[in-house]
Asker: 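Below is one structure. I have some questions about it.
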Amino acid sequence: MTEQKSFFDTKIEYLKGLGPQRAELLNTELGIFTYGDLIQYYPFRYDDRTRFYTISELDESMPSAQIRGRLRDWMIEGEGPKKRIIGNFTDGTGTMQLVWFQGITWLEKSLRQNGEYVAYGKPQGFQGKFSIVHPELDMVGADREVEAGMQPVYNLTDKLRKRKVDSKVISKAVRSLLEGSWQHINETLPDELIEKYRVVGKREAMWNIHLPQNQAWLKQAMRRLKFEELFYNQLRLISNKLLQKEEFPGAIFRNTSLLKHFYDNLLPFPLTGAQQRVLREIYTDCNTGKQMNRLLQGDVGSGKTIVAFISMLLAIANGAQACMMAPTEILADQHYNGLKDFAEAMGLNIGILTGSTNKKKRALLHADLQSGKMHILLGTHALLEDVVQFKNLGLCIIDEQHRFGVAQRAKMWAKNPVVPPHILVMTATPIPRTLAMTLYGNLDLSVIDELPPGRKPIKTIHKYDKHRSEVFGFMRTELEKGRQIYVVYPLIEESEKLDYKDLTDGFEGIQRAFPRPKYEVGMLHGRMLPYEKDDEMQRFLKHETHIMVATTVIEVGVNVPNASVMIIESAERFGLSQLHQLRGRVGRGADQSYCILMTGYKLSSDTRTRLETMVRTNNGFEIADVDLQLRGPGDLTGTAQSGIMDLMIADLAKDGAILTAARESAQQILEMDPHLVLPQNAPIRNHLDKLKNKKENNWSRIS
């Protein structure tokens, strides 16, 4: 049976005003092939042509103005590249000049002396007279309508402009399509949601997103289409999550004996309220009989690792094993060294498996895992190897979630063929709530949003290069107090040799300013062998080194509570998230810690915003929100996840309130009607049925 084509699957070459040649251009230049592609190719801005101004009303501060008048006369001035057409334009209240530097041959043939025109552009004042350079000029006549209202402006390419396919051509084609498709545009939201959120209907929204009557209608159209897009985005994620919960069983962990023993007798500090809340959420998940898939977000130093260990105890008390996977050997070693004493005090066997683990140790680890003798295994990607087999893996913890793909997570599920292990993914990279809901909407979300008591906020200061002697003086003061210092240099892949030189130059400069035997300066970078890095970090940890000069390899490293100063050289070359991660290397002890951001004077507006944000706040989530505003969701995640980040009109940086409402609505509908069989949800069901055969990632696409 052949798939029934919808009206919106029609190729654009059949649309009046386009034809095969223009259609081919739109195919290759903008990826517009069908009516559906064209109707959802939204303008990126609008020229407000709702009002006509007189020349006497013009003001230089106006971003643009539209004037109706007569082109009294025009002349050509200059030669060669300086050649230009200057026209005298009058409307009865005054005279102004219209100036063109391009398209002169065409203008010579088409401009009519004393013709009536509408001119549109940015007014510029000079010596009491106004001019518009390269105005849009439309002739007025009995056979022509004066364009008014909000005029859409579409993103174009140079090739389209050269071939005379501009915003007006696209707008005309869209108008023709809208007029012919009115009866084919179906409502995709239930009446209940339309009434609850007071959004306009789909047809009105589609018309007014392209051809708005005024600003109010444009605002309503945008709100409706953003809500719809985010609603279907969340519907997809939540339905996948519910399907996953339905499909995958999970072991039940009711025995809390080990957890209680550790809590009552061995826990060296009280848990924060946030840590306790997260543990309750994990315990609840592990008793539903369904597989847990939970994301744990917590700022640097918020205490995620101890929550992970207590969760492991819950699994082990119920006869299961636990593992924890980290993206680097340094981080895996840090977790192992941090948890080893706790595990041994509880009488548990804990092991570590990385690329550096020798053959003999591997063989022992594999045997102990398969027999069940090994309770906890920490490691890197090496845990994913097929040869790593557990007797009964009950809990898998993945640290720094964004470094691992979905396929790798799924591979860990297969480590227990009877009942898939519960999955807890953790990240110390704060993710804005809107982004977390979209990127990880198929995971349940837990947040540790308070730091352990007694931690003093890190003081962050921005200094220019000329203040280096002052910074060196401050470093000496801190070293005299017995503290230690990090000095970090940027690492930019395109210029590895240059960066290495930057680092060594910096290292030599610090050695001159802080000479032996009083001071020991260490160096750490990505070119060193694992054992060399480990040796340098161990020397710093033991306070045999006073200053550690490093690249960003230090971003994730061993905790050194005595390190109280982080100096970031060329801080303008780092992103906000990375600056925040680096700052988190200090502030681990009870002493006041400092982060000094060193830069040159030439700073862009975005860079200044980044530095001001770092100085103003230590809150990782606030920093992540600013980062989202500056860089956009695709750059922030490093990936444009198909169907998730593929948004046509919504903006995760600005539309948080709409996203929250859309997610709550999708959640409520799916909880009451998971298979969308109720009559009131027919618009959703009908829309999804039409998309079924299209392999469409974005469920909000027109059908």
Side-chain angles (χ1 to χ4, degrees), residues 251 253 258 262 291 305 308-401 403-405 407-426 526 528-538 541 553 556-558:
F253 296 159
L258 286 180
F262 178 75
Q291 185 198 30
T305 310
F309 181 71
I310 293 170
S311 303
M312 290 175 176
L313 296 180
L314 181 62
I316 295 161
N318 288 273
Q321 295 162 294
C323 73
M324 186 171 180
M325 189 163 67
T328 64
E329 284 196 26
I330 287 179
L331 192 51
D333 286 338
Q334 179 180 308
H335 287 318
Y336 178 71
N337 293 326
L339 299 180
K340 188 169 176 261
D341 291 345
F342 288 146
E344 288 174 353
M346 294 289 294
L348 302 174
N349 288 324
I350 183 170
I352 181 166
L353 178 65
T354 69
S356 303
T357 308
N358 64 42
K359 215 171 182 182
K360 189 178 176 183
K361 280 186 181 174
R362 278 174 183 261
L364 284 170
L365 275 173
H366 293 157
D368 287 349
L369 280 176
Q370 287 177 7
S371 68
K373 187 179 171 186
M374 177 74 66
H375 300 105
I376 299 170
L377 180 63
L378 304 177
T380 56
H381 292 76
L383 268 61
L384 296 167
E385 294 167 7
D386 292 336
V387 71
V388 180
Q389 297 292 325
F390 295 80
K391 183 183 181 184
N392 178 23
L393 180 62
L395 174 65
C396 174
I397 296 167
I398 300 172
D399 197 17
E400 290 308 325
Q401 150 70 14
R403 309 264 188 107
F404 296 100
Q408 290 166 312
R409 204 162 79 214
K411 203 161 186 180
M412 292 309 297
W413 292 14
K415 296 287 182 182
N416 190 335
V418 182
V419 182
H422 293 297
I423 304 285
L424 179 67
V425 294
M426 306 196 304
M528 295 165 72
L529 295 170
Y531 78 88
E532 292 174 320
K533 289 182 199 171
D534 189 53
D535 184 53
E536 278 293 346
M537 278 311 305
Q538 288 303 321
L541 188 60
V553 71
V556 175
V558 178

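Given the structure is predicted, the values throughout are model-derived calculations rather than measurements. Numbers here are sequence positions counted from 1.
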Asker: What distance separates Thr328 OG1 from His381 NE2, expressed to the nearest 0.5 Å?
Answerer: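 Those atoms lie 10.0 Å apart.
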Asker: Indicate the atoms forming the closest heavy-atom contact of Leu424 with Ser311, along with that distance.
Answerer: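 Reported closest heavy-atom pair: CD2-OG, 4.5 Å.
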Asker: Just by modelled atom types, is the Tyr531 backbone N or O under 3.5 Å from a matching donor or acceptor in the Asp535 side chain?
Answerer: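 Checking the backbone N and O of Tyr531 against the side chain of Asp535, no donor-acceptor pair under 3.5 Å is found.
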Asker: Can you tell me how far apart CD1 (Ile398) and SG (Cys323) are? Round to the nearest 0.5 Å.
Answerer: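 Answer rounded to 0.5 Å: 8.0 Å.
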Asker: So, taking the atom named NE2 in His335 and the one named CD1 in Ile397, what distance separates them when rounded to the nearest 0.5 Å?
Answerer: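 His335 NE2 to Ile397 CD1: 9.5 Å, rounded to 0.5 Å.
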Asker: Please report the C-alpha distance between Gln389 and Gln370 in whole Å, then the side-chain angles of each, then the deciding distance to 0.1 Å, and finally whether the side-chain contact (heavy atoms from CB on, under 4.5 Å) criterion is met.
Answerer: CA-CA 6 Å; Gln389 297 292 325; Gln370 287 177 7; 3.6 Å; yes
Asker: So do the side chains of Leu353 and Leu377 get within less than 4.5 Å of each other, counting heavy atoms only?
Answerer: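 Touching, per the 4.5 Å side-chain cut-off.
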Asker: Give the minimum heavy-atom separation between Ala317 and Leu258, together with the two atoms involved.
Answerer: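 That would be N-CD1, 3.6 Å.
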Asker: In Å and rounded to the nearest 0.5 Å, what is the CG to CZ distance from Leu348 to Phe262?
Answerer: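 Rounded to the nearest 0.5 Å, the CG-CZ separation comes to 10.5 Å.
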Asker: Step by step, work out the side-chain hydrogen bond (donor to acceptor under 3.5 Å, both in side chains) result for Asn349 and Asp368.
Answerer: CA-CA 9 Å; Asn349 288 324; Asp368 287 349; over 6 Å; no
Asker: In the structure I gave you, are the side-chain heavy atoms of Gln538 and Asp534 within less than 4.5 Å of one another anywhere?
Answerer: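 When only atoms from C-beta onward are counted, Asp534 and Gln538 do touch, with a gap below 4.5 Å.
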Asker: When you measure from the side chain of Gln291 to the backbone N and O of Pro420, does any donor-acceptor pair fall under 3.5 Å?
Answerer: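 Here the side-chain-to-backbone pair does not exist.
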Asker: What heavy-atom pair brings Gly351 and Met374 nearest, and what distance separates the two atoms?
Answerer: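 Shortest heavy-atom separation between Gly351 and Met374 comes out as N-SD, 3.3 Å.
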Asker: Can you find a pair of side-chain heavy atoms, one from Thr380 and one from Met325, that are under 4.5 Å apart?
Answerer: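 A side-chain contact is absent here, since even the closest heavy-atom pair is not under 4.5 Å.
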Asker: Check whether any side-chain N or O of Arg362 sits under 3.5 Å from a backbone N or O of Thr357 as a donor-acceptor pair, and report yes or no.
Answerer: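 Flag set: sc Arg362 to bb Thr357 pair under 3.5 Å.
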Asker: Side chains of Met324 and Leu383, heavy atoms from C-beta outward: is any pair under 4.5 Å?
Answerer: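 Not in contact.
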Asker: On a heavy-atom basis, which atom in Ala332 and which in Thr354 lie closest, and how many Å separate them?
Answerer: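 Smallest interatomic distance, heavy atoms only, reads CB-CG2, 4.3 Å.
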Asker: Heavy atoms only: give me the nearest Asn318-Leu314 pair and the separation to one decimal.
Answerer: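 The answer is ND2-O, 2.7 Å.
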Asker: Does Lys411 come within less than 4.0 Å of Glu385, counting only side-chain N to carboxylate O?
Answerer: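 Glu385 and Lys411: not salt-bridged.
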Asker: Would Val388 and Leu369 count as a side-chain contact (heavy atoms from CB on, under 4.5 Å) here? Give the steps.
Answerer: CA-CA 8 Å; Val388 180; Leu369 280 176; 3.8 Å; yes
Asker: Between Ile316 and Ile376, is there a side-chain heavy-atom distance shorter than 4.5 Å?
Answerer: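 A side-chain contact under 4.5 Å exists here.
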Asker: Given side chains that start at C-beta, do those of Glu329 and Ser356 come closer than 4.5 Å, heavy atoms only?
Answerer: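 Result yes, sub-4.5 Å side-chain heavy-atom pair found.
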Asker: Over 60° means perpendicular and under 30° means parallel, so classify the ring planes of His422 and Phe253, tilted if in between.
Answerer: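 Aromatic pair Phe253/His422 classed perpendicular.
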Asker: Rounded to the nearest 0.5 Å, what's the gap from CG on Leu339 to CD on Glu344? Could you check?
Answerer: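 Leu339 CG to Glu344 CD: 11.0 Å, rounded to 0.5 Å.
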Asker: Can you tell me how far CE of Met312 sits from CG of Leu395, rounded to the nearest 0.5 angstrom?
Answerer: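 Nearest 0.5 Å value for the CG-CE distance: 6.5 Å.
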Asker: How far apart are the C-alpha atoms of Asn416 and Phe390, what are their side-chain angles, what is the distance that settles it, and do they pass the side-chain contact (heavy atoms from CB on, under 4.5 Å) test?
Answerer: CA-CA 7 Å; Asn416 190 335; Phe390 295 80; over 6 Å; no
Asker: Take His375 and Gln321, measure what side-chain contact (heavy atoms from CB on, under 4.5 Å) needs, and give me the verdict at the end.
Answerer: CA-CA 5 Å; His375 300 105; Gln321 295 162 294; 5.7 Å; no
